[in-house]
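Okay, structure first, notes after.
Below, chains carry the letters A, B, ... as their sequence lines are ordered, and counting in each starts from 1.
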Amino acid sequence: MTAREPTPSAVVTRFAPSPSGHLHVGGARTALFCWAFAKGRGGRFVLRIEDTDQKRSSDAASIGFVKDLLWLGIGFDEGPQYEGHGGGPNGPYFQAQRLELYQRYFDLLLSRGDAYYAFESADELAAMRARAKERNEPFRYTGEQARALSADEVKRRLAAGDPAVIRFHTRAGPITIHDEILGDATLPNGEVDDFVIRKADGFPTYHFAVVVDDELMGVTHVLRAQEHFNNSAKHIVLQDALRFRRPIYGHLPLIFNPDGSKMSKRDKDKVLRKAVADKGITAPPPGTVDLAQFTAWLKDKNIQLELDAGQSLAQAIGAVLPEINVDDFRRSGYLPEVICNFLALNGWSPGGDVEKFDREFLKANFDLARVVKTAAKFDRTKLLAFNLDAIQAMSRDEFVTRVAAHGREMHPQFMSKLTEAQFRSLCDASHERSKTLDDLFRTNTFLTTPDDDLSWDQKALAKFIRGGTPAGSVHLVAARDLLARCDEWTVPALEAALKPLSDSIGNVGLIAQPLRVAVSGGSVSPPIYDTLAILGRESSLRRIDRCLASL
RNA sequence: GGCCCCAUCGUCUAGCCUGGUCCAGGACACCUCCCUUUCAAGGAGGACACAUGGGUUCGAAUCCCAUUGGGGUCACCA
């Protein structure tokens with residue numbers, strides 16, 4: 001009954017995901033809010049792994065998502081050991097390692113008659129549910145038969161090794177959930193049935209482990225997604241039966257796709273399947289997925305491709321996968337501080353017209369009262385605009401540093417083919433048109449193509465080289481002659497060298513575009529003098545000559 | 001279907017608690033124009049919302065009720 005009134009320093013929040021290699025943006029937002037709430041109040045932020053489902057593996061790689069958390073700048077005070085983070089007095093932080101701890105509380109509940117063994121099999125329960133559904137009634141496990149079993153009978157069946165679960169004996173009465181974000185809600189009597197708290201394999205269910213661990217770890221504030229709202233009733237009755245303190249709850253609004261659907265890793269498969277169908281692809285491109293896997297995946301919409309396999313397939317067929325995980329956004333060249341900023345804006349706002357802020361600001365200002373109640377649709381376009389703004393606000397040096405770091409990790413080939421000076425020039429020429437740290441790599445692949453392998457986009461060729469009166473090629477020839485006589489290969493020198501020609505034509509574009517196409521293969525590149533300068537004299541002239549020769 | 005929750009521009013939201021200053025503010029997207037050697041970026045304008053119906057009140061986006069719509073949840077998953 002008594003929600004505790006913590007002193008500011010006593011605030012403890014936790015992020016408690018099930019094991020996963022990747023962090024979903026929704027999870028990231030939850031973690032960010034938990035972190036900001038605790039850290040802004042001088043409290044502790046705990047990371048706990050909810051690995052009570054033995055069907056899901058939970059080896060070391062299963063907390064790969066922690067690297068995403070740290071990349072975002074969300075550190076934790078307690079939790080699994082991970083590259084210098086984690087540890088703490090309330091471990092272990094993997095629930096699968098806390099089984100003895102739970103047993104104490106199972107025994108306590110059992111001895112007090114607040115819990116009991118039940119022997120129905122999964123099949124029997126499924127049948128009961130099916131029957132209830134036929135009658136259009138909700139299924140509620142009341143446990144009359146199970147509780148009618150004599151103590152001796154229970155002992156006998158347990159001794160005989162009959163599979164059994166432990167269920168909580170929910171007492172009659174309405175249950176009121178107090179929520180700092182949504183307000184109070186009361187579930188009528190009977191809504192919460194006698195739910196399972198220990199599975200037949202001896203593991204606690206989520207509901208039980210959460211309640212015990214939150215108490216043992218001193219968690220004062222439970223901030224989690226709204227999908228957990230109704231679960232809170234189960235947690236409350238458990239807390240009361242166990243004589244635990246009740247944490248303060250705050251259920252965060254959900255984050256959806258722009259079309260209102262739930263954001264899920266399956267969205268990637270959806271996009272891939274569509275791309276495969278649209279392009280009429282019947283066999284997997286070599287080096288992506290093997291044929292058997294591919295056909296199985298194509299046939300059964302419930303099969304998901306591994307992350308890497310999907311990525312390579314997408315790349316091979318030129319499909320762009322939607323970013324779902326934090327790591328997807330990292331690969332796409334988004335800045336962690338921008339993601340935090342934008343994520344925070346989905347479900348919270350500092351009020352007024354403020355919408356650009358950093359983690360420190362969030363830490364200092366985040367509060368439950370300003371969390372909105374309505375679900376948000378995740379608008380990648382706005383995120384991209386935020387990313388652009390942040391990149392434009394960078395100094396040239398910072399931009400170079402961060403793009404280089406991104407390039408070394410994501411595009412080592414590209415990086416190895418450019419000299420430091422070339423790379424620096426490319427950064428300077430690309431800074432103001434970069435929306436992500438990845439843009440410059442995606443749009444300038446022509447720079448790393450060997451001169452003799454460059455091919456030309458037919459449309460661009462037709463429009464800017466063959467087309468025009470006189471044809472673009474005429475100007476290209478003239479420009480080529482001027483360039484060949486240019487001793488100094490720098491932006492100002494190149495500009496000066498071509499000036500007479502552009503002046504006489506009266507339109508710079510008429511020589512810039514043919515040059516651009518000849519040298520880059522397409523109609524888009526950094527400013528033409530920059531492009532030529534980065535490419536260098538030899539490559540530039542070679543490419544122009546090859547282009548002219550190909551006509 | 002039962003139960004629970006929610007409802008301001010296309011989207012994220014401010015305003016709502018403490019009715020009047022809101023013929024509703026900001027941002028992204030969109031449209032127009034300007035700038036421009038491509039693509040961007042940038043500059044200047046513009047269009048765009050209180051779901052509906054009842055109350056309460058001198059007055060409602062703000063309070064109450066209903067309807068409609070949306071979401072969540074009903075597992076030995078978390």
Original post:
Are A:Arg157 and A:Tyr117 in a cation-pi contact, defined as NZ or CZ under 6.0 Å from the six-membered ring centre and within 45° of the axis?
Top reply: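 Because its charged atom misses either the 6.0 Å distance or the 45° angle limit, A:Arg157 does not stack over A:Tyr117.
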For residues 507-525 of chain A, which side-chain N or O atoms pair as donor and acceptor with protein atoms under 3.5 Å away, sequence neighbours left out?
{"unit_1": "A:Asn507", "atom_1": "OD1", "unit_2": "A:Gly509", "atom_2": "N", "d": "2.8"}
{"unit_1": "A:Gln513", "atom_1": "OE1", "unit_2": "A:Arg516", "atom_2": "NE", "d": "2.7"}
{"unit_1": "A:Arg516", "atom_1": "NH1", "unit_2": "A:Ser525", "atom_2": "O", "d": "3.3"}
{"unit_1": "A:Arg516", "atom_1": "NH1", "unit_2": "A:Ser525", "atom_2": "OG", "d": "2.8"}
{"unit_1": "A:Arg516", "atom_1": "NH1", "unit_2": "A:Pro526", "atom_2": "O", "d": "2.8"}
{"unit_1": "A:Ser520", "atom_1": "OG", "unit_2": "A:Arg516", "atom_2": "O", "d": "2.8"}
{"unit_1": "A:Ser520", "atom_1": "OG", "unit_2": "A:Gly522", "atom_2": "N", "d": "3.2"}
{"unit_1": "A:Ser520", "atom_1": "OG", "unit_2": "A:Gly522", "atom_2": "O", "d": "3.0"}
{"unit_1": "A:Ser525", "atom_1": "OG", "unit_2": "A:Thr531", "atom_2": "OG1", "d": "3.0"}

Identify every side-chain donor-acceptor pair in residues 201-212 of chain A under 3.5 Å, counting partners at least two apart or on other chains, and give the distances.
{"unit_1": "A:Asp201", "atom_1": "OD1", "unit_2": "A:Phe203", "atom_2": "N", "d": "2.8"}
{"unit_1": "A:Asp201", "atom_1": "OD2", "unit_2": "A:Gln54", "atom_2": "NE2", "d": "2.9"}
{"unit_1": "A:Thr205", "atom_1": "OG1", "unit_2": "A:Val196", "atom_2": "O", "d": "3.0"}
{"unit_1": "A:Tyr206", "atom_1": "OH", "unit_2": "A:His228", "atom_2": "ND1", "d": "3.2"}
{"unit_1": "A:His207", "atom_1": "ND1", "unit_2": "A:His235", "atom_2": "NE2", "d": "3.0"}

Original post:
Can you tell me how far the CE atom of A:Met217 sits from the CZ atom of A:Arg14, to the nearest 0.5 Å?
Top reply: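 CZ of A:Arg14 is found 9.5 Å from CE of A:Met217.
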Original post:
What distance separates A:Asn325 CG from A:Leu23 CG, expressed to the nearest 0.5 Å?
Top reply: 7.5 Å
Starting from [atom2] on [N], measure out to [atom1] on [X] and report it in whole angstrom.
| X | N | atom1 | atom2 | value |
| --- | --- | --- | --- | --- |
| A:Asp179 | B:C5 | CG | P | 11 Å |
| A:Asp184 | B:C6 | CG | C1' | 16 Å |
| A:Asn189 | B:C4 | CG | P | 13 Å |

Taking [M] as the reference, what is the distance to [N] when you measure between their [atom1] atoms (whole Å, please)?
| N | M | atom1 | value |
| --- | --- | --- | --- |
| B:U68 | B:A51 | C1' | 8 Å |
| B:A78 | B:G72 | C1' | 15 Å |
| B:G15 | B:G25 | C1' | 8 Å |
| B:G2 | B:A49 | C1' | 34 Å |
| B:A27 | B:G42 | P | 13 Å |
| B:G20 | B:U56 | C1' | 16 Å |
| B:A14 | B:U32 | C1' | 28 Å |
| B:G45 | B:U8 | P | 29 Å |

**OP:** For the pair A:Ser430 (side chain) and A:Cys427 (backbone), establish whether a donor and an acceptor sit closer than 3.5 Å, ignoring hydrogens and angles.
**Re:**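 Such a contact is absent between A:Ser430 side chain and A:Cys427 backbone.
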Original post:
If only atom types and distance count, is the side chain of A:Asp114 paired as donor or acceptor with the main-chain N or O of A:Leu109 below 3.5 Å?
Top reply: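 Here the side-chain-to-backbone pair does not exist.
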**OP:** Could you run through nucleotides 29-44 of chain B and give me one letter per nucleotide, 5' to 3': B if any protein heavy atom sits under 4.0 Å from the base, S if only the sugar-phosphate is that close, - if neither?
**Re:** S-------BBBBS---
Subject >> Base-contact (B) and sugar-phosphate-only (S) positions in nucleotides 72-78 of chain B, heavy-atom cut-off under 4.0 Å, - elsewhere >> reply: BSSSBBB
Original post:
Just by distance, with hydrogens left out, do A:Asn341 and A:Glu337 show a side-chain donor and acceptor under 3.5 Å apart?
Top reply: no
**OP:** Measure up the A:Phe168 and A:Phe195 rings against each other and bin them: parallel (under 30°), tilted (30 to 60°), perpendicular (over 60°).
**Re:** tilted
Polar atom pairs (N or O), protein with nucleotides 13-16 of chain B, under 3.5 Å:
{"unit_1": "B:U13", "atom_1": "OP1", "unit_2": "A:Gly347", "atom_2": "N", "d": "2.6"}
{"unit_1": "B:A14", "atom_1": "OP1", "unit_2": "A:Ser349", "atom_2": "OG", "d": "3.4"}
{"unit_1": "B:A14", "atom_1": "O3'", "unit_2": "A:Arg370", "atom_2": "NH2", "d": "3.2"}
{"unit_1": "B:A14", "atom_1": "O2'", "unit_2": "A:Gly352", "atom_2": "N", "d": "3.4"}
{"unit_1": "B:G15", "atom_1": "OP1", "unit_2": "A:Arg370", "atom_2": "NH1", "d": "3.1"}
{"unit_1": "B:G15", "atom_1": "OP1", "unit_2": "A:Arg370", "atom_2": "NH2", "d": "3.2"}

Original post:
What heavy-atom pair brings A:Leu254 and A:Gln226 nearest, and what distance separates the two atoms?
Top reply: CD1-N, 3.7 Å
Could you pull out all donor-acceptor pairs under 3.5 Å where a side-chain atom in residues 384-391 of chain A meets a protein atom, sequence neighbours excluded?
{"unit_1": "A:Asn387", "atom_1": "OD1", "unit_2": "A:Leu335", "atom_2": "N", "d": "3.0"}
{"unit_1": "A:Asn387", "atom_1": "ND2", "unit_2": "A:Gly333", "atom_2": "O", "d": "3.3"}
{"unit_1": "A:Asn387", "atom_1": "ND2", "unit_2": "A:Lys435", "atom_2": "O", "d": "2.8"}
{"unit_1": "A:Asp389", "atom_1": "OD2", "unit_2": "A:Lys356", "atom_2": "NZ", "d": "2.8"}

